[in-house]
Amino acid sequence: MSSIQQQNTFDWKKTLQIGLIGGAVGVLIAMVGMVEEFNKRDIIAGTLTMGWTILSLTMLVTGLFAARAAASNASSVVGSIVAGTIFGAVMSILVWIVDKYNIRDILVNASPTLVKHLTFEKGIPNGLFMLIGLGAAVGGLGGVIQILPENIRRAISLGLGIAALLGLLQEIIQVSLANFEGASKAVEWMFGKGTEKGLSLAGAILVFVVVAAGNYLWTGNASKISAGFEKLPQSSRKSFRWLGYGLLFLALIYLPVVLGLYLTEVVNVTGLFILMGLGLNIVVGFAGLLDLGYVAFYAVGAYTVGVLTNLSGELTLNLGWNFWLALPIGVALAVLAGVALGVPVLNMRGDYLAIVTLGFGEIIRILALSDFLKPHIGGSQGIVNIPPPGFLDVIIKTPQTLYYLIVAGCLLALFISSRLRDSRLGRSWKALREDEDVAQAMGINLVATKLLAFATGAAFSGLSGSILAIKLGTIYPHSFALLISINVLALIIVGGMGSIPGVFVGALLLAGMPELLREFAEYRLLIYGALLVVMMQVRPEGFWPEATHKRELHAENAEPQAEGGAA
Amino acid sequence: MNKRLLALLSLLAIASMALAACGGGGAATEAATEAATEAATEAATEAPAAGFECTDAIGCVDIAPGDPIHIAYALTVSGATASLGEDSKGAIEIAIADRGGELVGHPIELTGEDTLCNAEGGQAAGTKISADATIIGVIGTNCSSEARAAMPLISQAGMVMISPSNTNPDLTDPTHSDHHPGYFRTAHNDLFQGRIAAEFAYNELGLKKVATIHDGSPYAESLQRVFAEVFAELGGEVTAQEAVNVGDTDMKPVLTSIAAGAPELIYFPIFEPEGNLIAAQSKEVAGLENVLLMGADGLFADTFPEATGSAASGMYLSGPYVDVNNEAYKAFLQKWADQIGGVPPSGFHAHAYDATNILLNAIEEVAVVDADGTVHIGRQALRDAIYAVKGFAGLTGTLSCDENGDCATGEALGVFQLSDAEVNGAWPPPVLWQP
Amino acid sequence: MTDILTATGVTKQFGGLTAVNNLSIKIPDQSISSIIGPNGAGKTTFFNCVTGFYTPEMGAIHFRGNRIDGLRSDQVTQMGVSRTYQNIRLFSNLTAIENVMVGYEPHLKTNWLDAVFHTPRYHNDEKAAHEEAIKLIRFVGLTGLGDQIARNLPYGAQRRLEIARALASKPGLLLLDEPTAGMNPNETVEMMHFIRNLRDSFGITIMLIEHDMRLVMGISEQVTVLDFGEKIAEGTPKDIQSNPRVIEAYLGRGAATEGMAAATGKPGKPH
Amino acid sequence: MQSYRIKKINFTDVFMWVVGAALLLLIVVGSFLTLQEEKYTAVQWFDLAVFGLAQGSVYALIALGYTLVYGILRMINFAHSEIFMSGAFIGYFAASSMQKSGFMQENPLLGILITFFVAMTTSTVLAVLLERIAYRPLRGAPRLVPLITAIGASFFLQYVFRGLFGTHNRAYPEIEIIKGTVPISGDFQIQKIQIVVILAAALMMALLVLFVQYTKTGKAMRAVSEDKAVAALMGIDVDKIIVNTFALGAALAGAAGVLYCFMFRIVTFYMGFIPGIKAFTAAVLGGIGNPAGAMLGGLFLGIFESLGPTLFLDGLGIPAPYQLKDVIAFTMLVMVLIFRPTGILGERLSKTKA
């Protein structure tokens, strides 16, 4: 094959390679049990399960890559179909092997159920042909999507994404909309009936069409709309902004009423992670100090409140303090712990810092668990009977009441961290992150700057832990495992290191979603791990990257803006 | 400035309109919380059918014709402790199937929450369950930490919960804050198991010196504590109460330090794989060559003797015991094999089966059926009915619930001894002693 | 004329290697002086000793009469010494303005509470830092590039931004480490004028390490030559050009590429 | 010029010295009290020390992998613990199938060697794949980026193994020839397996030293760790050397996995985590980037962990001292890093990067 020909057609070797890699990923997804497990959930009732959604998505991406490797549009589609077929073939070989030989002793998920799932319950070989055909079709679809213009492609992927998300969260949406009489009919039409889960087929198509069309039209006109907004005089723009804040505020207040008991609980869990995320964002995102033992401060906050307020009568200290008295002490001790950790690691760089902070987190957890401190902080039996606090006449115990406490905490942390970000301290942290030596040579006092980062981060975490103590009513050392640190780290990385809105995005994705999909908890860390690796390669700045401040051209705005913030 | 003022005013206007829409009066927050907290009770007491007046102190559940009787499970069905949850869940399903899936003319609906064997999971599951006012009763939880976080919510919602495997003494201790009305268990309290293990060691084996090891789990820590207290009470000596961490593999240092006290038996009511490592390495430590080993139900699994090897031979295990010659139990195992396949993966299925039957019986007992088939169940009445259970003949023996919620008597416990047969794959081991 | 910086007998060793050996230098106030020497002569090491990156084993460094060797680099900067780097070390993910504002750090008093509660001190500090940054950005000719992320700026602009950042601390002494490295002859000439303008506008003392002899000879009032960590010559550019030891140091080892003979217009070594 | 140099001593230094001194005092007092009690016999101390030595040898082997990669890439390969686990895991399948077929009983030596071979191959392949897929595209990225990738890869691998092979414990077969003890004198005796582990680890470390010192690849590795750019100019294929380094470290980790499982027998998907952290601690203790330091750090940590809780804490009357084993290990790490930031033997490449 001459090189000229090669330009016109596609690269066989590359296509084969992509198909094989895609197939291997598919096999891995099947063999770790994700297909079987995720098939318990429907995205579109009776039509498409979640397991198949994941597999199809892999096929689609395989097709996309294959199409990208090809030169012309026609060869893109052919290439993607070929790659998809190879994908299907690899999966078929797997199915065939699993069916023929019993390898369950080694690979626990190589079960007859898996074969049944992957062959559409049509048996071998009919099911295998269907599998290969599906691979070709979905791969080809990927190729077609790849050659579409950018804006259509984006509209389609957004439509598919939103439809999948709605299908996934069907139960929750249905439960929360059940409170509204009028909505129930529409809900019934949109979603599966009775015990069915997921969207109805018609509902899925509707969601897809509306979202895709909406996005297409919006991207066409967004610039006009925002330009129109820019044209408005300064003062009315400001009015709009205030109106926005006002609406947001109202939404925050009424959220628990709309969401109901369970979803409020999910929001609360997310809120605790947002609090920790905002803190760790200061340490890792702003100051660039990789802290893997962040959970320690969460533990200090929780244990302080637990020890000071509990009424169990089993510990040496039996104070039974009011929560509102214990809370500041919890935060203060967390800050102290932050400084105590900060001092020894002042001179350590990234890698050493990571291992020492990890060790610090483990030390705190082991001490909490130990028989040595059991008389004082409960050891493995934890601290029980932490009474709920009261605020005015309300006892803060139900998810709805806790919600306001957590929102207040989050708003406080949000306020503090955005104020700090835009100050001398924020600049110093970022300078530290970029180049520690030069930052010091610019006159930045490293000791103070680093300790302030640790202390502020620890304060937020301590606050989060203090709230956790009254939320659970009992605290166990097991709640403060390393995994919490990793979870918080993952969420700020996925959201965007150093980005405050990113913390919210990350927490919704990595704390809220998993809480809603608790039945798949087994795969949580697998997905986190893959997400971290992929993010670092594809989008190291996160989903909502840190914004840069325009300060020169908008110099005249800078002053009033600062004033507005103070109001 | 004028414009900003305008914006603020309009904001205020919107806020007040919203407040008015919500029924006005009081702060927004107050309205919000009230509305939400009352949602549960409201739904429960909503629109009683003609002819029935709910007089129950904490509300009634009304089931219209065709609607299901809704019960829930809160079990740890995923993760490292999944076998415990699956074990209970299977038994619940069998108990429901035994009644043809129906009760007082209504289908039984079972929904479930995964509790992950930690307090956070327990709280999330408890919240989700307590938010659903159609739920009458709950079977769960598996781990005691889950119950501590879930029970306040479930009790508050007026439901009952029967646990097949919570063993922590606090949960049924009326003086303890973790004791809530509406909580029952068919599992034996740790006080029973720790006691029989200690009695077995002191009275049956005639030992005078023992040591214990726990792994930092609340379960093991509490069990070894009871064991040590009872053993000392009986007149024996506890030479050491040591602890290891989950994930440790090197048990020799801790065993060497235990060897210094020269105990005759080591009691380690922990889990795999730390239990395997302790058993295996104990034989290699100078001074412990002939020490007796004793574990508890955490190690009562067919994988344990195989993975431990020859060191497991001769080891004692305390655990839930159901006589395999018991006809009812045989029938149960047969149903398991037919409906679920294989054998139950853990030791608390019989407890879960009994728990479900107690719940279903009580529902049947208190249900008020209208002419049109609508069923009303008083929540307090249901609780009272379960507190009043006496002499219930279950798989785990004759159960009677006391006023604190303890339904098990401790008679369904036994001490087993492993031999070379178990090391080579036989399971379960024969029971050696029963209190 | 008073001396703003005096180094006496400064010695810095790395293991067995003596990077700077018994070096004594006096820098007159508001002068422009250069340190030259072959690669590895200890020029940057000396800068590092002055700015607090290294602590010399022996000797003393005084700045405006205060002893500064052994201080941390931030303390040295607080006292009024500022520097740039041989291989540009900007805060590459911050904007140009933010880079300069970080340089203004020694003059800021805002603490944690000020920042959170936006006290008057915060407003004053921010305003001053911002104004200073805008002023310096304009001074170094980067008007309109202030909101660019530093790493996206062109090479020459990065060099000038680094100088602006160093100036933001309002130093009495500015150390420039190879300011023209990687520049073409035109840019080098521009830089020469710029450095002179800098001294005249701000009235500061400037000390530079340079390889480009045309720049060194054209701008310096005093030149110090180092070789193997030792001072081998000092004086006006004219003295230096005719000093036999200097010629030997450069030519004697065949380092013709950096030789004095090439002083007539060789661009600095490529970066 | 009679002014004095302003001293750098400040509050934080003083604080750290005080903490260090207090801990040292605690250790001395604790040890003194424990020894005075005479609760433990000489034989028991000896057993603890030998056991620590065996454990430490395994740490040292794993630590070498961290140190080699760090020496070249200045990056902590957090996923190294999973490389170790993968070797042990796949080695299990080889060993247990040989046991089932009776091969292991007939040719125990060959069986053990095959187990080693399978484990080391698995680890090597996995490490090379990891380098190719996850790390290579990140050359030149900011330092946090590869570090976070490594943490992600570690969790990903751990849970992939969990998904593939399940959560239950699997046990290596008991091999007769390495069971039992060897008498030394009197009551003193050593487990055969401990001798095997210590000797095998020593042998492999010796081979590594010879490899790095005398082979062409080894020399190239040293050159790359000194200066990548210069090494590339000298015609060394840096990418290839990096792959080789990963492979070498992984092979050692795979071998360590098998040795570890000969000692403890249980294989789980999370078994890599704790030894991984400990080995990393050992590498830092000895001075990361310095192979001799990694070995020393590993042995030191092993013995410290084994003797420490009893020696230091028992006498102080602290209940269940072994629960606090990791607290001792991490505290020691922090102390060493504070007072000797480059480890006991020092980072081999302590070029200051100012």
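The sequence lines fix the lettering, A, B, ..., with proteins before strands; numbering per chain opens at 1.
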Rounded distance (nearest 0.5 Å) linking atom OG of B:S257 with atom CD of D:Q44: 8.5 Å
Heavy-atom contact with chain B under 4.5 Å, split by part of D:Q194: side chain
Residues in residues 234-252 of chain B that sit under 4.5 Å from chain D, counting heavy atoms only: B:Q241, B:E242, B:A243, B:V244, B:N245, B:V246, B:G247, B:D248, B:T249, B:D250, B:K252
Residue pairs fulfilling ring-ring contact (aromatic ring centres under 6.0 Å, His included) with at least one residue in residues 285-306 of chain B, sequence neighbours excluded: B:F300-B:F416, B:F300-B:W427
Region of B:T308 that comes under 4.5 Å of a non-hydrogen atom in chain D: backbone
Residue among D:F273, D:Y40, D:F264 with most heavy-atom pairs under 4.5 Å to chain B: D:F264
Contact winner vs chain B - D:Y260, D:Y172, D:Y270, heavy-atom pairs under 4.5 Å: D:Y260
Flag, side chain of D:E174 to backbone of B:G309, donor-acceptor distance under 3.5 Å: no
Where B:A307 and D:I266 come nearest, the two heavy atoms and their spacing: O-CD1, 4.0 Å
Note, B:V285 side chain near D:D47 side chain (heavy atom, < 4.5 Å): no
Part of D:Q191 lying under 4.5 Å from any heavy atom of chain B: side chain
Heavy-atom closest contact (B:P253 atom, D:F51 atom, distance): CD-CE2, 3.5 Å
More than 12 heavy atoms from other groups under 6.0 Å of CZ on D:F32: no
Sequence neighbours excluded - ring-ring contact (aromatic ring centres under 6.0 Å, His included) pairs with any residue from residues 269-297 of chain B: B:Y219-B:F271
Residues 303-325 of chain D: residues contacting chain B (heavy atom under 4.5 Å, by number): D:E305, D:S306, D:T310, D:A320, D:P321, D:Y322, D:Q323, D:K325
